[in-house]
2 protein chains.
Amino acid sequence: MGRWEPNTRERLATAALELYGERGYEQTTVAEIARRAGLTERTFFRHYADKREVLFDGAGTLQELFVNAVAEAPESAAPIDAAAAGLEAVATVFTGRREHARQRHAVIAANAELLERELIKLASLSAAVADALRRRGVAEPAASLTAEAGVAVFKVGFELWIAASEERELSQSMRESLDELRAVIASGGTDGPTPRPRRRSSGRTPGGTSAGF
Amino acid sequence: MGRWEPNTRERLATAALELYGERGYEQTTVAEIARRAGLTERTFFRHYADKREVLFDGAGTLQELFVNAVAEAPESAAPIDAAAAGLEAVATVFTGRREHARQRHAVIAANAELLERELIKLASLSAAVADALRRRGVAEPAASLTAEAGVAVFKVGFELWIAASEERELSQSMRESLDELRAVIASGGTDGPTPRPRRRSSGRTPGGTSAGF
DNA sequence: ATGTTGATGGCAGTCACTGACATCAATAGT
DNA sequence: ACTATTGATGTCAGTGACTGCCATCAACAT
């Protein structure tokens, strides 16, 4: 048995998610997180760069998964299909973690600083995917645009999944999101009369990720 | 004549951009910005919510422009074409401000906190555009995806413009970006052999907006 | 002449975050 | 078994972003 309780980082991350959920992000001090984890404030900052980062431990793994899937897609695959392979790969790691994802998503959506951090993680993901596409020989700006589109599909697909019923699988929502993007991009751009948009049927207003700026 | 020098907010914004450029964002204190503007730190925070916000005064106007153009696009226009109208509208306000845009962009790209703030402004823009599209009768998730695509085209188009020669107009870069997105989305998704990506010709590596996370 | 308003200054305080140094169990090396 | 090293943690002092509260004072209205 070690000198200290094990799983320090995980204990901090759990305590933080709990406290952010209970009292809100701003109303929680780092000292409180550390105390709940049985540690001191100074130790918190040795494990996480700042008060926000504690919620984004998995971002690196996610990015790695996405990038590897893009890199390993068949050489014959078009850029957007390589990105789609990345989405499929990423979707698998969320199976069975729906409740955790919901809770974390709610906490992040409730605070602008956390939202900012999430957005820069997604921007980092996009940049990494664009890089992987360039290594596949995709030119600019096609690589960046494909990556941005892929991440947009991820964002929207993720929110569809979170809002959906329990049986729904993330990969399904990702495919639905990608198909919608294809339809929406293909429908415009003609010079003659353009097809009218589909009228909405449900009264739902899902809203974006932004908390209202 | 008033009791104090006029254009307080503008003086603060100018001083901040200068100092962030000269010594870097982190190495600049709010007290220094205020002093250069002939004010005190306390007054800075009466005009700007935080140290980052001082660089984003125009974000509201930009969003308004974009949203209005989307709302006022012909009813017959497809969602993506309404978004394209927003891009055109936004492009006009940057004419003649290229150097300022370059300087500001360089400062933001050099610091993660500023980048985060820019990203949340773009997310807010995306949410507002999605809302405008919904008011046009576009259903979800098509509205959110169109808005995300539009903002992605804006981001990439903007960087193309900044990297391009002096004569280049922003609206040109926006159209180029949108055309590339259309091409990239249309090229994939088939079941049979997919078209091979265009190989890159230039050695340039434009990179994304992210500063390397 | 006087009261009100609005932008500013001054000041004390909280909290995120950092650098420097101390502690001490585990482990390696002898 | 003894000792040196290591590594995660604790302690403490300090900086700077940001806030609340109150004072100031020219402009303006009455």
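Proteins come first, then strands; the chains are lettered A, B, ... in the order of their sequence lines, and each starts at number 1.
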Visitor: Between P on D:dC18 and CD on A:Q27, what's the gap in Å once rounded to a whole number?
Guide: 17 Å
Visitor: Would B:R23 and B:E32 pass as an ion pair if we require N to O under 4.0 Å?
Guide: yes
Visitor: Does a side-chain N-to-carboxylate-O contact under 4.0 Å join B:K121 and B:E53?
Guide: yes
Visitor: Looking at residues 32-60 of chain A, who's got a heavy atom less than 4.0 Å off DNA chain C?
Guide: A:E41, A:R42, A:F45, A:R46, A:A49, A:D50, A:K51, A:R52
Visitor: A:L55 and side-chain contact (heavy atoms from CB on, under 4.5 Å): which single residue from A:Y48, A:Y25, A:Y20 fits?
Guide: A:Y20
Visitor: What residues from residues 7-16 of chain A pass a heavy-atom cutoff of under 4.0 Å to DNA chain C?
Guide: none
Visitor: Between A:T14 (side chain only) and A:E10 (backbone N and O only), is there a donor and an acceptor less than 3.5 Å apart?
Guide: yes
Visitor: List the steps, then state whether ring pair (Phe, Tyr, Trp, His ring centres under 6.0 Å) holds for B:F154 with B:F66.
Guide: CA-CA 11 Å; B:F154 174 77; B:F66 203 133; 7.1 Å; no
Visitor: Please say whether the positively charged group of A:R35, taken as NZ for Lys or CZ for Arg, lies over the ring of A:F44, i.e. under 6.0 angstrom from the six-membered ring centre and within 45 degrees of the axis.
Guide: no
Visitor: Is it true that B:R102 and B:E166 have a side-chain N and a carboxylate O under 4.0 angstrom from each other?
Guide: yes
Visitor: Taking CD from B:E26 and P from C:dA16, how many angstroms apart are they, rounded to a whole number?
Guide: 18 Å
Visitor: Could you tell me whether B:R175 and B:D179 make a salt bridge, using a distance below 4.0 angstrom between a side-chain N and a carboxylate O?
Guide: no
